[in-house]
Amino acid sequence: ITFAFEKFPLRMRQGNGVIQWVGDTVHIRDFTAMAGNQIVHIAGQFQNPGPRSTGWLDLRSAGPVALDDDLISAMNPAGQKILRSLRPTGGVKLTSGRFEKRMPGDEPYTRWDLSLDDCSVQYERFPYDIHKITGRLVLENRRWDFIDLRGYHGSSYISCSGAWVPRFAI
């Protein structure tokens, strides 16, 4: 099957696995789909599918997904604007991703652990290109953690770690 999640509409292709609906519970197991040229493993369980559902979904990619226009366009407009201003290249591996809704009506808990794979950025307002970027980005709800980011500008070595919590949701 081919599908996309309405809030992050990155087209997933060649979906294959088990989706089982028993009573009021949907189980997803042994499921894979392609994001770009990478396999994404998906597992989950939801009770009462629909607007008041609860449950969880876990995702991880087998390797890096290209930081291309398809991936960037799947983000919300504010996120797209920020990422496009960085002019990124390279790829990101979804080491682990979790979406969980514990109670109907609650905001979902989200955690995305991304590994950067040979990335480059050149911020449009300060065109200082940084190449061969590696490290991790962890987004937990609205908090961003930058873990052991490393890159180069020419022969200069740059490293960074830190956190950021935006005042407004991205």
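What's counted below: heavy atoms across the whole structure, side chains too, no hydrogens, waters or symmetry copies. Only a predicted model underlies this, so the values are computations on that prediction, with no experimental measurement involved.
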Aromatic Y109 / basic R98 pairing, under 6.0 angstrom, 45° off normal:
no

With a 3.5 Å distance limit and no angle check, can you tell me whether S53 reaches the backbone of F46 through a side-chain donor-acceptor pair?
no

Roughly how far, to the nearest 0.5 Å, is the CZ atom of R102 from the CD atom of E100?
4.5 Å

Interatomic distance, I133 atom CD1 to I158 atom CD1 [nearest 0.5 angstrom]:
8.0 Å

Around atom CD of E107, are there more than 12 heavy atoms of other residues, nucleotides or ligands at under 6.0 Å?
no

Give a yes or no on whether a salt bridge exists between K132 and D118, defined as a side-chain N under 4.0 angstrom from a carboxylate O.
no

Please examine the side chains of S85 and R125, heavy atoms only from C-beta on, and report whether any two atoms are closer than 4.5 Å.
no

Please round to the nearest 0.5 Å and tell me the distance separating atom CZ of R13 and atom CG of N37.
8.0 Å

Give the intermediate values and the outcome of side-chain contact (heavy atoms from CB on, under 4.5 Å) for residues R150 and Y157.
CA-CA 7 Å; R150 300 164 193 262; Y157 174 74; 2.6 Å; yes

Any side-chain heavy-atom pair of V92 and P64 under 4.5 Å:
no

Following the transitive rule for hydrophobic clusters with a side-chain heavy-atom cut-off under 4.5 Å over Ile, Leu, Val, Met, Phe, Trp and Tyr, establish whether W112 and I147 coincide in one cluster.
no

Donor-acceptor under 3.5 Å (Q14 side chain, A33 main chain):
no

Tell me whether W56 shares a hydrophobic cluster with M103, the cluster being built from Ile, Leu, Val, Met, Phe, Trp, Tyr side chains joined at under 4.5 Å.
no

Would a distance-only check, ignoring hydrogens and angles, find a side-chain to backbone donor-acceptor pair under 3.5 Å from S73 to D69?
yes

Taking side chain to side chain contact (heavy atoms under 4.5 Å, CB included) as the criterion, tell me which of L83, I82, L86 meets it with I72.
L83

Between K93 and A62, what is the shortest heavy-atom contact and its length?
CE-O, 3.9 Å

Main chain of L94, side chain of S61: is a donor-acceptor contact present, judged purely on distance under 3.5 Å?
yes

Sidechain-backbone polar pair: D68 side chain, D70 backbone, donor-acceptor under 3.5 Å
yes

What verdict does the side-chain contact (heavy atoms from CB on, under 4.5 Å) test give for F31 and V40, after you've listed the backbone C-alpha separation in whole Å, the side-chain angles of each residue and the deciding distance to 0.1 Å?
CA-CA 8 Å; F31 198 92; V40 176; over 6 Å; no

Closest non-hydrogen atoms of P9 and A74, given as atom of the first, atom of the second and distance, are CD-O, 3.2 Å

For A35 and L10 the tightest heavy-atom approach is CB-CD2, 4.1 Å

Any side-chain heavy atom of W164 sitting closer than 4.5 Å to one from F146?
yes

Go through the side-chain N and O atoms of H131 and S120 and say whether any donor and acceptor fall under 3.5 Å apart.
yes

State, with a plain yes or no, whether a side-chain heavy atom of T134 is found less than 4.5 Å away from one of D148.
no

One thing to verify: whether R29 and D58 come together as a salt bridge, which I'm taking to mean a side-chain N less than 4.0 angstrom from a carboxylate O.
no

Establish whether I1 and M34 are linked, either directly or via other cluster members, by ILVMFWY side-chain heavy-atom contacts under 4.5 Å.
no

If I take atom OG from residue S161 and atom CG from residue L149, how far apart are they, to the nearest 0.5 angstrom?
6.5 Å

For residues K101 and P51, report the shortest heavy-atom separation together with the two atoms involved.
NZ-O, 4.1 Å

Just verifying a value: how many Å separate L137 CG and T95 OG1, rounded to the nearest 0.5 Å?
10.0 Å

Heavy-atom closest pair (I42 atom, I28 atom, distance to 0.1 Å) is O-CG2, 4.0 Å

Distance in Å, Q80 CD paired with M75 CE, rounded so as to fall on 0.5 Å steps
7.5 Å

Just by distance, with hydrogens left out, do H27 and Q20 show a side-chain donor and acceptor under 3.5 Å apart?
no

Quick check: closest heavy atoms across G91 and C119, and the distance to 0.1 Å?
O-SG, 3.3 Å

Is a donor on one side and an acceptor on the other found under 3.5 Å between the side chain of N141 and the backbone of T110?
yes

Please tell me whether F5 and F3 are part of a single hydrophobic cluster in this structure, the criterion being side-chain heavy atoms less than 4.5 Å apart.
yes

Hydrophobic clustering (ILVMFWY, side-chain heavy atoms < 4.5 Å, transitive) - are L57 and I19 grouped together?
yes

side-chain contact (heavy atoms from CB on, under 4.5 Å) evaluation trace for I130 with Q122:
CA-CA 6 Å; I130 304 172; Q122 186 180 45; over 6 Å; no

Using modelled atom types and a 3.5 Å cut-off, is there a donor and acceptor pairing between side-chain atoms of Q38 and backbone atoms of G63?
yes

Under 3.5 Å: donor-acceptor pair, side chain of H153, backbone of D129:
yes

Applying side-chain contact (heavy atoms from CB on, under 4.5 Å) to V138 and L114, what does each step give before you reach the verdict?
CA-CA 6 Å; V138 177; L114 305 167; over 6 Å; no

For salt bridge (Lys or Arg N to Asp or Glu O under 4.0 Å), just list the numbers for D145 and R111, CA-CA rounded to whole Å, side-chain angles, deciding distance to a tenth of an Å, and then say yes or no.
CA-CA 11 Å; D145 286 298; R111 186 177 194 281; over 6 Å; no

